Structure formats: C-alpha cells, structure tokens
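Model, not experiment: these values are computed from the prediction.
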Amino acid sequence: MEGGVVESDVSAFRECLSLSWKNPYVLRLAFSAGIGGFLFGYDTGVISGALLYIRDDFKAVDTNTWLQEAIVSMALAGAIIGAAVGGWINDRFGRKKAILIADSLFFIGSAIMAAATDPSIVGRVFVGLGVGMASMTSPLYISEASPTRVRGALVSLNGFLITGGQFLSYLINLAFTKTPGTWRWMLGVAAVPALIQITLMIMLPESPRWLFRKGREEEAKAILRRIYSPEEVEAEINTLKESVELEIKEAESSDKVSIIKMLKTKTVRRGLYAGMGLQIFQQFVGINTVMYYSPAIIQLAGFASNRTALLLSLVTSGLNAFGSILSIYFIDKTGRKKLLLFSLSGVVLSLVVLTVVFHQSATHSPMISGVETSHFNNTCPDYSAALNPGGWDCMKCLKASPECGFCASGANKLLPGACLISNDSTKDECHKEERLWYTRGCPSKFGWLAIIGLALYIIFFSPGMGTVPWVVNSEIYPLRYRGICGGMASTSNWVSNLIVAQSFLSLTQAIGVSWTFMIFIFITVAAIIFVIIFVPETKGLPMEEVEKMLETRSLNFKFWQRNSDSREVLTQKTRSI
C-alpha cells in the first residue's frame, strides 16, 4: 500500500525495466530530466582531456599548476552559486523551470567556450552555474515523479547518465585530438544536449509534489494518474494531500523558513546531517581527482603520450558508467546504507593500491646519465648547477623546476636518461630519436598497477558513493524544505569539490602523489564511521514516511539490520492515518 511502509524487494530492478512496456511515460519523465545529469557529467569530465591540449597551446598554463587548477575550478565555483540559488528557484518557480534555466546556462557557456581563442574562464563559469543547478534539480524532479518501488532505481538512472556523460566526454576528447582548435571543440559540444533537453522539458509537466504544494491539485492529480496504476493512485493522492496540508498548516502557524528554524526541526536537522555529510564525503574521498585529473594521474604513473593517457582514462570512465548500471540494480535490492559501506570499503582498498604504486614509482625512477644528457645541447640549468648530479634521478629532475623534462633512454625507458630544458624544440629532438619525453611523471614498471588501482577505485566508488548521496538527498527532506535543503546539500558538494580540485595538483607537488592518496585513505575511513552512525536506511519507504522515520530514529550500529523499534512505530503511525 502506498501510504504505508513498503518493502522494496528483489523485483525492483525488473519493475524498472518493465516500465518501458507498462508505463513508458514514467521512463520518459526520468530520462528527459536525467539529461541534466548527462550535461553535468559531460562538462565535469571533458575538462580532463581539454586541459592536456590547453597546456600544450599555452606555456603559462603548462608551467603553472595553479592556472590548471583554476581552469578546472572556475566551473566548480559557478556550480556552488548555481546549487545555492537552485534551491530557491526550485521552491519558488518549480523543478521544470529550474531545469530549463540550467539548460540555458549550459548552452551559453558552451557557446562562449566554442568561440574562445584563449583559455577564457568566463564560459566555464556559465557552465558551472548550470551544472550546480542541474546537479540538485534533476534527481529531485525524478524522485518526485517516480513510483516508490522504483524511485531509487530511477534516480540512479540520473547517476548513470552523469557517468555516461563523462564517458562520452572522453570519446569526444579522443575524436578531436587531431582537429584544429582541439579543446574549443571539446568544450563547445555540450550545447547540443542542452538544446535537446530544452525541447523535451517544454513538453513535460511540473513535479506533482511541487504542484500540490502550490495548491494546483487538479494538475498534480492528472500527472499522478499517469504515473501510478489505478489501484495505487488514490492512496498516493490521499497521502500526498495529507502531507502537504500538514506542512501548510505548520507554515501558516510559524514564521517564514529560516536556517535557524530548519536546524531546530529534528527531522530536517537529521536529514541535513546525513545528506550534507554524504555530499561532502563523496568529494573528499577523492573521486573528482580521478575524473578531472585522470589523464594527468596516468601521466604521473609513467605514460607520456596525451593520446595514451586519454585512451587509458576512457577505461576508467567506462567502468564508472558500468558501476552506475550496477547501482540501478542494487540500490532498491540491498538498500542505500549497505551499498555505501561496501563502496567505501572498496575505495579504501583501491587507495591503498594507488598509494603503494605511486610510492614505488617515485622511489624507483630511472637515473639521470651525464652521457645521455650531454648528447643533447640543452641541459636543464638546475642539473648543470647541481653539486651532486650523479645522484639525480628522473623524479628529482622533474621536481627541480617546471623548466626541466626527462628524455628516456632509446633502448629501454627504464635505463638512465637525460635531464633537459622543457620546451617544444627539446621535445621534438627527443622524439626524433624515438625516445619518450616526460614532464609530468617518470617511466615506471609499476604504471599498469596504477591503472588497475584507478579501475578498482571506480568499480567500488561508482555503484555506492557515486549515486547513493544523490538518491538520499532527493528523498530524505520534508516537502516544505526539500528545495532549500537539497540546495544546501548540493552546495556543500560543490564547495568540497572545489577545495579538492583546487588543491590536488598542488598537494601532489608539495608532498607527492602517494602521500596525497594516503590522505584520502584516512578521510574514507572517517566516511565509513559517519555512514554507520548518521545515515538512515530509506529503502522501500514512501517519501512521506521518511520524515516519520527520522522523527523516531535512534542510532542503529547494526547497520545490516533494520531498526525494529522504529519500524514498529512507523507501522502504528501509518495505520492510524
């Protein structure tokens, strides 16, 4: 029954698949709104490849880590504003209009970048505004327009489209590697799906829950009758109507919504603990260092070519999309909390692999040969001035100055090579002798283990921490506060994202790649403890029952079991309605 406690069973995924036959309208709503997630994924993924070619075109960007971080981070700064404003727009004007505004921002930003002749950040800011707004609005719209049994799976569809957008961004990057104006094309292509979503969303309705909240009941009922089966729809309408009436009475008898009032409300406060905490930890366990900088990480692992780095990054991006498909299957079968804990445990394992691999790569890089270096006429000045050049290896050469590069031995890249001035002519001389040229990382026999570590990270992260935080945030807040709380949680995600993206390359230069991944290990362990204590299980609960569950919830350290006391109270309350 829709108004009671619903157990989500193993058929949830099959039900989701059967929607295309039983009720394609629901799938159409979810897919159309999910294009916002696709754009979110594309615009956050495409910069990883575009940055390689922006570096090649502009020497200032190539030699200044902070400029590279700024190009990545300007979109994230825009996303913070977009997410913060998006909560207010969602509650004031509706979910549909918020998606259309986000699409317009995507289109404007993409057009600016496509027309750019320098690494302008203005277009990235516009795109970021759209990303921030879409990141909270698309899952919210899908959640409010989905039947309870398949709500998690359909919101996970948005997660799949995010990762699908990231995967496509790598394909697009590869397609344009030999095209004049490489990075401008890569960044400008996002205008196309933005136009497609504008066209689709114009023909779709507003969220029925938002319509109920605004007193437009007949419109909402008409939409619900298209979403739910005849035997379920009346119960859903009655439950939603009662929920909205209670919230309206509460609103009329109190002051307008304020942050202080929200935090004094137990259900909202507990929801924000879980929702904002998950969004913050999603970023601080390091996912977007992998997505934004995976080609750079692969080069740090010893793969010199831009094209090779992009091809190998395509593997990790494809695994990310595959993991999202797994999430659609498991999220309504195993539950949100178990999936999170399994995901985080695997992330710890993969980060340990990456930490060990990069430590070994840094401590076993090829030595610098005086003979090999003197073979060329442009020795790195720092190497020439060194008191003990015989103790130099490739890693020391690259760390000495951004002006230094390593030309590997022609016979075997692991043999001693040359420490030279890093410029285009030196790079060409090195390549003419069929040698590999390194400026980011050094040749290593452990490089393929780094790829395996990245793949493991994505395989574990994507089904759980990749999608569950968005699902939880779309269903955990009371209707009256849903837009504002969703905006706050999404803003916390983007602020965390900005901090990580703006600091990752600087951290790798300051303390090394292995120690940077070690920091992520400690944060991930803290995330596991947080999930056990603060995140409730919302599997199988209608959205109107989540609030009651938070009201009665107590700490349940046996996370693999449902809290029987809370569940009994819930059942009694729903029977009395």
Side-chain angles (χ1 to χ4, degrees), residues 28-51 54 71-90 93-142 158 161-173 175-176 179 181-204 206 487 490 494:
R28 180 184 164 200
L29 290 177
F31 179 78
S32 298
I35 295 176
F38 176 86
L39 284 163
F40 166 12
Y42 184 87
D43 281 303
T44 55
V46 71
I47 193 61
S48 63
L51 188 60
I54 293 173
I71 291 169
V72 172
S73 300
M74 280 304 99
L76 305 180
I80 292 170
I81 300 170
V85 175
W88 176 79
I89 292 174
N90 267 274
F93 301 106
R95 298 16 171 170
K96 177 179 175 179
K97 288 181 180 176
I99 290 175
L100 291 173
I101 292 171
D103 285 328
S104 301
L105 293 167
F106 277 125
F107 182 81
I108 293 169
S110 300
I112 291 173
M113 291 187 292
T117 55
D118 56 48
S120 171
I121 61 174
V122 176
R124 291 284 293 161
V125 173
F126 272 96
V127 163
L129 290 168
V131 166
M133 199 173 295
S135 68
M136 62 154 297
T137 306
S138 292
L140 184 61
Y141 180 93
I142 295 170
N158 182 68
L161 289 171
I162 292 174
T163 56
Q166 290 169 335
F167 180 74
L168 183 64
S169 72
Y170 284 95
L171 286 177
I172 295 293
N173 284 345
F176 285 115
T179 304
T182 335
W183 56 269
R184 286 184 286 276
W185 283 102
M186 293 173 177
L187 297 173
V189 165
V192 177
L195 283 176
I196 292 173
Q197 188 174 38
I198 288 173
T199 304
L200 291 174
M201 287 304 299
I202 287 173
M203 297 184 288
L204 292 176
E206 182 53 79
S490 190
W494 291 110

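- Rounding to the nearest 0.5 Å places CD1 of Ile198 at 13.0 Å from OG of Ser32.
- Atom-to-atom distance recorded for Ile172:CD1 and Leu187:CG is 11.5 Å, nearest 0.5 angstrom.
- Interatomic distance, Met203 CE to Lys96 NZ, rounded to the nearest 0.5 Å: 9.5 Å.
- Side-chain atoms of Arg28 and Leu204, non-hydrogen and from C-beta on, do get closer than 4.5 Å to each other.
- Here Gln166 contributes atom CD and Asp43 contributes atom CG; the two are 10.5 Å apart, rounded to the nearest 0.5 Å.
- Taking 4.5 Å as the limit, some side-chain heavy atom of Tyr141 sits within range of a side-chain heavy atom of Leu29.
- Contact record, Ile35 with Leu161: N-CD1, 4.1 Å, taken as the closest heavy-atom pair.
- Environment of CZ in Phe126: sparse, with no more than 12 heavy atoms of neighbouring residues, nucleotides or ligands closer than 6.0 Å.
- In this structure the side chain of Val131 never reaches within 4.5 angstrom of the side chain of Leu39, judged on heavy atoms.
- Atoms CD and CG, on Gln197 and Leu100 in that order, are 7.5 Å from each other to the nearest 0.5 Å.
- The nearest pair of heavy atoms linking Trp494 to Ala83 is CD1-CB, 3.8 Å.
- In plain terms, the two heavy atoms of Ala114 and Gly188 that are nearest each other are CB-CA, 3.8 Å.
- Using a 4.5 Å heavy-atom cutoff, the side chains of Phe106 and Asp103 are in contact.
- Atom CD1 of Ile101 is separated from atom CD1 of Ile89 by 4.5 Å, given to the nearest 0.5 angstrom.
- When all heavy atoms are compared, the tightest approach of Ala134 to Gly36 is CB-O, 3.8 Å.
- For the pair Glu206 (side chain) and Arg95 (backbone), a donor-acceptor distance under 3.5 Å is present.
- Aromatic rings from Trp183 and Phe176 are positioned such that their centres are separated by 6.0 Å or more.
- In plain terms, the two heavy atoms of Ala190 and Ser110 that are nearest each other are CB-OG, 3.3 Å.
- Remark: of the listed residues Leu200, Thr137, Leu140, Thr137 is the sole one forming a side chain to side chain contact (heavy atoms under 4.5 Å, CB included) with Ile99.
- Here the closest non-hydrogen pair linking Gly37 and Ser138 is N-OG, 3.9 Å.
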